[in-house]
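Working notes for the structure below.
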Amino acid sequence: MRCQDVLPLLHPYADRELDVVRHVEVETHLRGCAVCAEREGRLRSLRAAVSAPALYHQAPAGLRVRVRSAVLPAARRRRPSRHLVAVAAAVVLLVGASAAVGIILSRAGVSPDDRLAERVVASHVRSLQVDHLTDVASSDRHTVKPWFRGKLDFSPPVPDLAPQGYPLAGGRLDYLTDRPVAALVYHRRLHAINLFTWPADGDGDTPPRALARHGFNVRIWQRAGMTFWAVSDLNDEEFDEFVRLYRERAAVPGP
């Protein structure tokens, strides 16, 4: 099978919806095609991220009682039509959903960094899923860095790490913390690294801190008035090496 034949079959293949013959054909192609195999791996990563139990939360048991106690007295005062019953049901569902979202965002023990980590990983997975890793595709930092000029109110550091085995792939605009941010994309073999950066709230420097979300590694640090969030499925050792190299090279003014 050719790549163009396999591409539309990757979703049903990942969901195990193909018949046996097609499944074997796609599987055979993936063994010999690194590009299609990487795409299929992204689908599996996306499925794992979306199905993670941490993303799903139940509203508290008392919510239903409180909603019923607020709605039923008014309903007893007059006999509602079927239309009003349907509207009331929709309102109850909306209130319940809103309350659940509020609980998720404000539940005890979840820090702002934890919530932002979920969004960073989601942006990383989304960029892989829709094949939108870059708005400007280039391995030349002198092309990527000027591309952000006029699009952001800051200039992200874009060091060249190709000699160390982490070539630049390009950059794009993303949206985090209610503002546009720079997303720099590096590679390590078939592994993509998204590095998000934007101005920090303070001037203090902080060393890299490690998080893990849905099978992805995350590193957070602050330096020279900038905040950095890196995310990848790269192993810890190589990912930490990338962070160390980026921090060292970003601190050295380039030509």
Side-chain angles (χ1 to χ4, degrees), residues 1-56 117-140 143-144 147 158 161-162 164-176 181-196 211-219 229-243 246:
M1 299 181 73
R2 299 172 301 174
C3 292
Q4 54 264 43
D5 299 322
V6 170
L7 188 58
L9 299 176
L10 287 181
H11 280 275
Y13 173 84
D15 293 332
R16 300 187 178 277
E17 296 175 350
L18 296 177
D19 59 68
V20 175
V21 175
R22 282 293 188 188
H23 185 92
V24 171
E25 289 177 343
V26 173
E27 188 173 56
T28 301
H29 177 84
L30 295 179
R31 289 173 183 168
C33 179
V35 175
C36 290
E38 182 185 11
R39 288 172 175 166
E40 194 272 334
R42 293 173 186 172
L43 289 177
R44 283 189 281 104
S45 297
L46 179 63
R47 289 184 64 193
V50 171
S51 61
L55 297 181
Y56 299 90
E118 297 285 344
R119 296 183 61 184
V120 166
V121 170
S123 293
H124 175 73
V125 172
R126 185 169 57 249
S127 71
L128 300 176
Q129 174 62 23
V130 300
D131 285 332
H132 183 210
L133 268 174
T134 59
D135 290 325
V136 52
S138 176
S139 59
D140 183 3
T143 298
V144 175
W147 181 87
V158 188
L161 303 181
Q164 292 79 25
Y166 298 89
L168 178 68
R172 72 178 186 280
L173 291 178
D174 214 303
Y175 198 82
L176 294 168
V181 304
L184 304 175
V185 182
Y186 289 84
H187 275 101
R188 178 69 163 179
R189 299 183 300 277
L190 294 178
H191 301 273
I193 302 170
N194 265 298
L195 177 62
F196 302 93
L211 295 175
R213 290 293 185 277
H214 313 305
F216 294 95
N217 286 318
V218 181
R219 298 294 185 269
W229 283 70
V231 56
S232 179
D233 62 352
L234 197 61
N235 64 73
D236 283 313
E237 182 178 355
E238 290 180 296
F239 197 32
D240 286 334
E241 180 186 46
F242 165 79
V243 171
Y246 182 89

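Please read these numbers as outputs of a predicted model, since none were measured by experiment.
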Side chain to side chain contact (heavy atoms under 4.5 Å, CB included) between Phe196 and Val231, worked out:
CA-CA 8 Å; Phe196 302 93; Val231 56; 3.8 Å; yes
Do Arg39 and Leu30 make a side-chain contact, defined as non-hydrogen atoms from C-beta onward lying under 4.5 Å apart?
no
Within-4.5 Å side-chain heavy-atom neighbours: Val35 and Cys3:
no
For side chain to side chain contact (heavy atoms under 4.5 Å, CB included), just list the numbers for Val181 and Trp229, CA-CA rounded to whole Å, side-chain angles, deciding distance to a tenth of an Å, and then say yes or no.
CA-CA 11 Å; Val181 304; Trp229 283 70; over 6 Å; no
Can you confirm whether Leu161 sits close enough to Leu168 that some side-chain heavy atom of one is under 4.5 Å from a side-chain heavy atom of the other?
no
List in chain and number order the residues that pass ring-ring contact (aromatic ring centres under 6.0 Å, His included) with Tyr186, two or more places apart in sequence or in another chain; answer none if no residue qualifies.
Phe242
Who are the side-chain hydrogen bond (donor to acceptor under 3.5 Å, both in side chains) partners of Ser232, not counting sequence neighbours?
none
Suppose we screen for side-chain hydrogen bond (donor to acceptor under 3.5 Å, both in side chains). Which residues come up paired with Tyr166, at least two apart in sequence or across chains?
Glu241
Hey, are the side chains of Tyr246 and Leu184 touching, using non-hydrogen atoms and a 4.5 Å cut-off?
yes
For Ala162, enumerate each residue passing the side-chain contact (heavy atoms from CB on, under 4.5 Å) test, keeping only those at least two apart in sequence or located in another chain.
Asp160, Pro167
Can you name the side-chain hydrogen bond (donor to acceptor under 3.5 Å, both in side chains) partners of Arg172, sequence neighbours left out?
Asp174, Asn194
Pairwise side-chain contact, Trp147 with Leu173, heavy-atom cut-off 4.5 Å (strictly under)
yes
Apply salt bridge (charged side-chain N to carboxylate O under 4.0 Å, His left out) to Glu238 and list each qualifying residue two or more places apart in sequence or on a separate chain.
Arg188, Arg189
Does Glu27 have any side-chain hydrogen bond (donor to acceptor under 3.5 Å, both in side chains) partners at least two apart in sequence or in another chain, and if so, which?
none
So which heavy atom on Ala192 is nearest to which on His187, and how close?
CA-CD2, 3.8 Å
Sequence-distant partners of Asp140, salt bridge (charged side-chain N to carboxylate O under 4.0 Å, His left out), two or more places apart
none
Do you know which two heavy atoms are closest between Leu195 and Ala230, and how far apart they sit?
CD1-CB, 3.7 Å
What's the shortest heavy-atom distance between Arg219 and Leu211, and which atoms?
NH1-O, 3.8 Å
Closest non-hydrogen atom pair, Ala212 against Asn217
CB-OD1, 4.3 Å
Keeping to residues at least two apart or across chains, list the side-chain hydrogen bond (donor to acceptor under 3.5 Å, both in side chains) pairs with something in residues 29-38.
Glu38-Arg42
Mind checking salt bridge (charged side-chain N to carboxylate O under 4.0 Å, His left out) for Asp5 and listing every partner two or more places apart, or none if nothing turns up?
Arg2
On a heavy-atom basis, which atom in Arg213 and which in Val121 lie closest, and how many Å separate them?
CB-CG2, 3.7 Å
CZ of Arg126 to CG of Leu133, rounded to nearest 0.5 Å, is 12.0 Å
